[in-house]
Amino acid sequence: MRKSTASKATPERIDGRRERGRSSYRRIVEAMMELIVAGDLSPSAARVAEEAGIGLRTVFRHFDDMDALYAEITRTITERVMPIVMAPYPDQPWRANIGELVRRRVDVFETTLPFRLAANIKRYQSPFLMGQYSRVVMLERELIVRLLPASVRNDRIGVEALCAALSFHTWRTLRHDQSLSADEAGTVMGQMVEAVMARIVEEA
C-alpha cells in the first residue's frame with residue numbers, strides 16, 4: 001500500500017514543481033516587461049526578482065543571463081505585433097498602401113517603444129541585441145520596398161527618404177526627444193511620408 005501511494009504521489013509532486021516553474025518563468029518575464037514600461041529601461045536581475053516576488057537565484061535558474069531574458073521578451077513582443085506587421089495589403093495603388101503602412105507603423109512602434117529603447121541601451125554590449133536590431137531594421141526596410149513598384153524603386157533618393165521617414169528612429173525622435181504624443185507623432189510621420197511621396201519620381 002505504501003509503495004502504491006508513493007508511486008501515485010510522485011507524478012503529482014513533479015507536476016507541481018513544473019507548474020511552479022512555469023509560474024515563476026512567467027512572473028519573471030512579466031516583471032521585466034512591467035519595469036520597462038514603467039520607465040526602468042535597464043532593470044537589474046535583482047530588481048526583476050524583487051518585482052516578481054521571487055529569489056534572485058530563481059531568475060538565473062530560468063535564464064542563464066539577461067540576454068536570455070531579453071530574448072524571451074523579444075519573442076513575446078514579436079508575437080504581439082507580427083499579425084499587424086504581416087497582414088496582407090489590399091489590392092490598391094502603392095501610395096494608398098504606404099498610407100496603410102504608416103498607420104501600422106504607428107501602432108507597432110508605439111507598442112514596442114519602451115522595449116526598443118531598453119534594448120538600445122544594451123545592444124552595444126550584447127551580440128544578441130545587436131543582431132536583433134539589425135534584423136528588425138532590415139525587415140522594416142524590406143516591408144517598405146516590397147510595396148513600391150519597380151518604377152519607384154529606381155528613385156534611390158526617394159526610397160531612402162521614405163525609409164527614413166518610416167523608421168523607428170524617426171518615431172523615437174518624435175516621441176522621446178521631442179515629447180510629442182502618439183497622435184501628434186503619427187500625424188507628423190504621416191505628413192513626412194506624404195511630402196516624400198509627392199517628390200518621388202516614377203519612371204514610365
Side-chain angles (χ1 to χ4, degrees), residues 17-87 101-140 143 164-190 192:
R17 286 197 299 270
R18 287 174 178 169
E19 181 54 37
R20 286 193 297 274
R22 286 192 291 267
S23 176
S24 296
Y25 188 94
R26 289 192 299 268
R27 286 161 63 189
I28 293 166
V29 175
E30 289 169 2
M32 178 77 162
M33 294 178 70
E34 287 169 4
L35 286 168
I36 290 173
V37 170
D40 186 353
L41 299 182
S42 186
S44 65
R47 184 73 184 90
V48 172
E50 179 184 2
E51 181 72 15
I54 60 176
L56 181 58
R57 291 178 62 184
T58 302
V59 173
F60 289 111
R61 186 155 54 243
H62 289 288
F63 299 95
D64 292 336
D65 51 33
M66 293 301 284
D67 263 10
L69 184 48
Y70 276 109
E72 180 59 23
I73 290 174
T74 297
R75 186 192 66 78
T76 301
I77 297 300
T78 298
E79 287 183 353
R80 186 180 301 174
V81 302
M82 284 308 283
I84 301 172
V85 172
M86 301 308 295
L101 177 61
V102 172
R103 290 186 285 274
R104 295 186 188 188
R105 292 260 160 126
V106 168
D107 288 343
V108 171
F109 286 168
E110 187 61 17
T111 298
T112 60
L113 178 61
F115 306 104
R116 292 182 71 166
L117 289 176
N120 192 55
I121 292 172
K122 297 287 188 181
R123 67 184 169 95
Y124 292 101
Q125 292 81 41
S126 166
F128 165 76
L129 291 175
M130 184 60 79
Q132 183 67 21
Y133 171 82
S134 298
R135 287 189 292 272
V136 170
V137 169
M138 289 178 63
L139 174 61
E140 288 173 349
L143 290 172
L166 282 162
S167 69
F168 177 77
H169 178 77
T170 294
W171 186 257
R172 182 196 63 77
T173 298
L174 295 172
R175 290 285 284 118
H176 193 255
D177 297 348
Q178 297 178 208
S179 301
L180 299 185
S181 69
D183 287 342
E184 290 170 334
T187 299
V188 172
M189 179 174 278
M192 291 172 66

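Note that CG of D64 is 11.5 Å distant from CG of L69, once rounded to the nearest 0.5 Å. Atoms NE2 and CZ, from H62 and R26 in turn, are 10.0 Å apart once rounded to the nearest 0.5 Å. In this structure, L113 CG and I36 CD1 are separated by 11.5 Å, a value rounded to the nearest 0.5 Å. The distance from the CZ atom of R116 to the CG atom of L129 is 12.0 Å, given to the nearest 0.5 Å. Rounding to the nearest 0.5 Å places CD of E30 at 11.0 Å from CD1 of I73. For the atom pair CD1 of I77 and CZ of F115, the computed distance is 4.0 Å after rounding to the nearest 0.5 Å.
Counting heavy atoms from C-beta outward, V85 and M82 have side chains that approach closer than 4.5 Å. By the 4.5 Å heavy-atom criterion applied to side chains, R105 and L143 are counted as neighbours. A 4.5 Å side-chain heavy-atom check between R103 and D107 finds every atom pair outside the cut-off.
At most 12 non-hydrogen atoms from other residues, nucleotides or ligands lie less than 6.0 angstrom from CZ of R57. Residue F60 qualifies as enclosed at atom CZ: its count of foreign heavy atoms under 6.0 Å is above 12.
Remark: the backbone N or O of L166 is not paired with any side-chain donor or acceptor of T170 at under 3.5 angstrom. In this structure a side-chain-to-backbone donor-acceptor pair under 3.5 Å is present from T173 to H169. For the pair S179 (side chain) and R175 (backbone), a donor-acceptor distance under 3.5 Å is absent. The main-chain N or O of S167 is never found under 3.5 Å from a side-chain atom of R172 such that the two would form a donor-acceptor pair.
Between R135 and F128, the shortest heavy-atom distance links the atoms NH2-O, 4.3 Å. Annotation for T58 and I54: closest pair CG2-CD1, 3.9 Å, computed over non-hydrogen atoms. Across every non-hydrogen atom of S126 and D67, the tightest pair is OG-OD1, 2.8 Å. Here the closest heavy-atom approach between residue I28 and residue V59 is recorded as CD1-CA, 3.7 Å.
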Show me, pair by pair, the donor-acceptor contacts under 3.5 angstrom made by side chains of residues 40-53, not counting sequence neighbours?
residue, atom, partner, partner atom, Å
D40, OD1, S42, N, 3.4
S42, OG, K122, NZ, 3.1
S44, OG, R47, N, 3.1

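The aromatic rings of F109 and W171 sit tilted, their planes meeting at an angle between 30° and 60°.
Ion pairing of E110 with R104 is absent here, as no side-chain N (NZ or NE/NH1/NH2) approaches a carboxylate O to less than 4.0 Å.
In the model, S24 has no side-chain atom that pairs as donor or acceptor with a side-chain atom of R27 under 3.5 Å. At a cut-off of 3.5 Å, with distance as the only test, no side-chain donor of Q132 or Y70 sits close to an acceptor on the other residue.
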